[in-house]
Amino acid sequence: MDIASTPEANLDPLAIAERWKAAGRDVALATVVETWGSAPRPVGSHLVIDADGNFHGSVSGGCVEGAVVAEAVDVIGSGSPRMLEFGVADETAWRVGLSCGGRIKVYVERLA
Amino acid sequence: MDLKTLRELNEARAARRAAILLTDLADGSARVIHEGEEVAGELSSAIAKTFRSGVSGTVEADGRSWFLNAHLPPPRIVVIGAVHISQALAPMARLAGYDLEVIDPRTAFATPERFEGVTLFADWPETVLKERPLDAYCALAAVTHDPKIDDFALKAALDAGCFYVGALGSRKTHAKRVERLAALGASEAQIARVKAPIGLDIGAASPAEIAVAVLAQIIGAFRSRGLAGRGAA
């Protein structure tokens, strides 16, 4: 069975990444690689992004996705992977953050 | 990661085969490690640990920083027999985070009323398991007491390398079962894997207590995979 053809694949970021890339789109993959304290999504969670900023999946409960998508579009352009870190929103009120009080590290890479 | 690696990972996931995506965080290069594959160097113990626990994480090894993303199939408990034990086992398994399904061709037992919210197949294991094959991430608990229902499923579970195979019945009942499984072509080593009488020896008496003993034994088998060598659990 091809995972890209199962109904669950509609919501599965890795299956979507495979489909998008195979269709010729430029794709980045963001992965939660570390969490501290209260983090909304576990280590290993994915967000898939294309060059136009379309995305599927989640690396937080919606708190930092916008920032990750913007960075991912840059990563698609440059090709170099990037490590992003997000902490509590209150510390830096003008920046995005995690209102739940945790910290997460997100690895963003271009799918080659 | 490149598309070829992603395809390999997605194929393993679709086929319910355990895999780890190993990413070198310095340059983004990645490869898929399949369970049972030999890995050299300092990473080897971290990989074995990740396959056992299913917990993803970052490790430092061989002077580099690696991310190990564990993709383990969700463990599935297949119960042969829509009996009182299974009625207790189903909600317990759900609480413990295991998928569970019940198979029993006896339609008087396998009723939706008795198994509300449980995946239930009122059909022969021969028929159901053809559609939904067992694999190494399945536990099989045969609890009908009826050889013509249990035996095929037990043999199928041994052949599929299920991480747990258990069968209800006294030692005397089991001795006869051993003969029948041998007649079906099961090897001595395979037959030795069958937990019978089923469940941890905690003196369980009621159906619910037996369900606890069975679930505990299944969890023990799942969490010790790879510790005592494959197939030993």
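Proteins come first, then strands; the chains are lettered A, B, ... in the order of their sequence lines, and each starts at number 1.
- Proximity to chain B (any heavy atom under 4.5 Å) is restricted, for A:V32, to the backbone atoms N, CA, C and O.
- Note that the NZ atom of A:K105 and the CZ atom of B:F67 stand 11.0 Å from one another [nearest 0.5 Å].
- Residues B:M1 and A:L29 come closest through the heavy atom pair CE-CD2, 3.4 Å.
- Of all residues spanning residues 44-51 of chain A, those with a heavy atom less than 4.5 Å away from chain B's heavy atoms are A:G44, A:H46, arranged by number.
- Minimum heavy-atom separation, B:N10 to A:L14: ND2-O, 3.0 Å.
- Applying the 6.0 Å contact sphere to CD of B:E42 captures more than 12 heavy atoms from other residues, nucleotides or ligands.
- The shortest heavy-atom contact between A:A15 and B:R13 is N-NH1, 4.5 Å.
- Taking every heavy atom of both residues into account, B:L6 and A:E18 meet most closely at CD2-N, 3.4 Å.
- Only the side chain of A:T31 comes within contact range of chain B, judged by heavy atoms closer than 4.5 Å.
- Other residues, nucleotides and ligands contribute only 12 or fewer heavy atoms inside 6.0 Å of the CZ atom of A:F55.
- Within residues 17-28 of chain B, the residues approaching chain A closer than 4.5 Å by heavy atoms are, in numerical order, B:T23, B:D24, B:L25, B:D27, B:G28.
- The backbone N or O of B:T58 lies less than 3.5 Å from no partner atom in the side chain of A:E34, so there is not a single donor-acceptor pair.
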